[in-house]
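Down below is the structure, laid out as structure tokens.
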Amino acid sequence: MKILGIESSCDETAAAVVEDGTEILSNVIASQVELHSRYGGIVPEVASRQHLLAAIPILEQALEDAKVSSGDLSAIAVTNGPGLAGSLLVGVNLAKAIALAWDLPLIGINHLEAHIYANWLGQDTPLFPLIALIVSGGHTDLVLMVDHGELLRLGRTRDDAAGEAFDKVARALGLGYPGGPAIEQASREGVPRYRLPRAWLKGSDDFSFSGLKTAVVRLAEELGISPKPHPNSLAADVAASFQQAVVDVLVTKTMATASHQGAEQILLAGGVAANELLRETIVRRSPIPVLIPELTLCTDNAAMVASCGYFHLLAGEVAGWDLDVLPGLKLG
Ligand code: KG4
Ligand code: ZN
């Protein structure tokens with residue numbers, strides 16, 4: 001079964017065709033990163049207007065790359081939350097229009113669940129029960145998954161998401177936007193010499209990153225590092241210390257939860273899962289197998305939406321024409 005996936009929840013317009021939930025036939029992404037970088041973050045009105053411009057060409061490209069036409073598709077899967085309302089509306093309305101025109105089932109997809117499904121697009125099939133760590137710009141969730149469609153959110157961030165902390169710290173250090181790749185790049189030149197606080201929240205599966213972020217901002221001020229772009233070695237050391245602190249907490253807490261829940265595997269998902277130190281550390285330290293999507297499938301894409309859509313379709317879960325956007329949608 002070939003499913004067309006559509007994703008427009010944040011600042012990437014994406015369309016993809018995936019066969020049987022696992023094989024990518026096409027995966028097209030138009031990123032708005034450059035457009036938003038001059039503002040130091042995403043401007044929602046600019047994002048939705050850009051989605052409108054990009055959506056149809058991206059869709060046509062995805063069908064062309066996959067060498068399929070409407071008659072080859074079994075369903076249309078689209079992200080309907082969480083995300084920016086105006087951005088989500090573009091993808092959902094496009095999906096509705098073509099599902100109606102092509103007489104295909106429509107499937108509404110939770111963006112966070114879709115991130116987990118990026119792991120079904122790799123070489124190894126994930127084994128249940130598993131613990132998924134979703135680390136993106138808006139979320140940091142620890143999820144127990146016992147089967148397709150059976151997800152329980154065990155923990156979440158109580159304040160900043162991990163990716164959000166990367167973005168804010170990068171801004172304070174003058175390293176640019178998006179912050180995750182900028183911090184990672186700067187850290188390569190630095191040494192994690194500064195002791196920064198780690199919020200363990202013992203006995204809970206929750207996270208907290210705002211104390212760490214504030215400590216970094218204060219340290220940067222003490223060291224005279226300005227938020228104006230001018231990379232220097234002090235900023236590189238602070239970036240490396242921050243990255244080390246985030247990775248320590250994410251890895252230690254995820255492994256503790258996996259052990260406590262008797263998980264077979266750990267899955268990473270979301271933009272921060274592209275971080276090399278996180279990937280390398282969790283694989284090295286975990287006693288159970290860790291699956292991590294390839295780099296381009298960690299950040300927002302529509303292949304993960306199509307994969308997730310396949311498993312919903314198998315379960316007979318299709319949406320009605322009243323499918324609406326749910327900007328605050330949660331997992332489980
Ligand atoms: O999943 P995603 O593409 O979009 C959301 O759903 O939020 O995640 C974007 C987040 C941003 O905060 C970005 O700074 C972070 O992922 N990110 C990274 C890296 N690449 C992207 N964080 C750390 N290291 C990276 N290499
Ligand atoms: Zn995402």
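Start at 1 and go down the list; that is how both ligands and their atoms are numbered.
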Using residues 113-122 as the side-chain source, report each donor-acceptor pair under 3.5 Å to any protein atom, sequence neighbours left out, with the distance given to one decimal.
unit_1, atom_1, unit_2, atom_2, d
Glu113, OE1, His312, NE2, 3.4
Glu113, OE2, His312, NE2, 3.2
His115, ND1, Cys298, O, 3.4
His115, NE2, His111, NE2, 3.0
His115, NE2, Asp300, OD1, 3.0
Tyr117, OH, His148, ND1, 2.7
Asn119, ND2, Ile116, O, 3.1
Asn119, ND2, Leu268, O, 2.9

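Under the 4.0 angstrom criterion for non-hydrogen atoms, Cys10 is not in contact with ligand 1. At least one heavy atom of His111 lies less than 4.0 angstrom from ligand 1. Using a 4.0 Å heavy-atom cutoff, His115 is listed among the residues neighbouring ligand 1.
Pairs engaging residues 45-70 under the ring-ring contact (aromatic ring centres under 6.0 Å, His included) rule: none recorded [sequence neighbours left out].
When each atom of ligand 1 is checked for a heavy atom of Gly163 under 4.0 Å away, the hits are 12 (O). The ligand atoms of ligand 1 that sit less than 4.0 angstrom from a heavy atom of Pro181 are 19 (C), 20 (N), 21 (C), 25 (C). The ligand atoms of ligand 1 that sit less than 4.0 angstrom from a heavy atom of Gly138 are 7 (O). The contact set between ligand 1 and Thr299, taken as ligand atoms under 4.0 Å from a residue heavy atom, comprises 3 (O).
Geometrically, ligand 1 and Gly180 share a nitrogen or oxygen pair separated by less than 3.5 Å. At least one N or O atom of Glu184 sits closer than 3.5 Å to an N or O atom of ligand 1. Considering both main-chain and side-chain atoms, Asp300 comes within under 3.5 Å of ligand 1 through a nitrogen or oxygen pair. Of the polar atoms of Gly137, at least one N or O is found under 3.5 Å from an N or O of ligand 1, judged by distance alone. For the pair Gly271 and ligand 1, the shortest N or O to N or O distance falls below 3.5 Å.
In this structure, Asp103 places its CG atom where only 12 or fewer heavy-atom neighbours from other residues, nucleotides or ligands lie under 6.0 Å away. For Arg49, the CZ atom counts as loosely surrounded, since its 6.0 Å shell holds 12 or fewer non-hydrogen atoms of other residues, nucleotides or ligands.
A salt bridge links Arg198 to Asp248: at least one charged side-chain nitrogen sits closer than 4.0 Å to a carboxylate oxygen. Between Glu222 and Arg218 there is no salt bridge, since no side-chain N of the basic residue sits under 4.0 Å from a carboxylate O of the acidic one. Using a 4.0 Å cut-off between a side-chain N of Lys or Arg and a carboxylate O of Asp or Glu, Arg193 and Asp237 qualify as a salt bridge.
The side-chain heavy atoms of Lys96 and Leu106, taken from C-beta on, include a pair separated by under 4.5 Å.
Annotation: atom 12 (O) of ligand 1 to nearest protein heavy atom, Asp167 OD2, 2.8 Å. In terms of protein heavy-atom proximity, atom 24 (N) of ligand 1 is nearest to Asn275 ND2, 3.1 Å.
Summary: OD1 is the N/O/S atom of Asp300 found nearest to the Zn ion (ligand 2).
For His111 atom NE2 and His115 atom NE2, the angle they make at the Zn ion (ligand 2) is roughly 90°, to 10 degrees.
For Phe166 and Phe242, the ring centers sit closer than 6.0 Å to each other.
When all heavy atoms of Ala15 and Ile58 are compared, the closest pair comes out as N-CG2, 3.5 Å.
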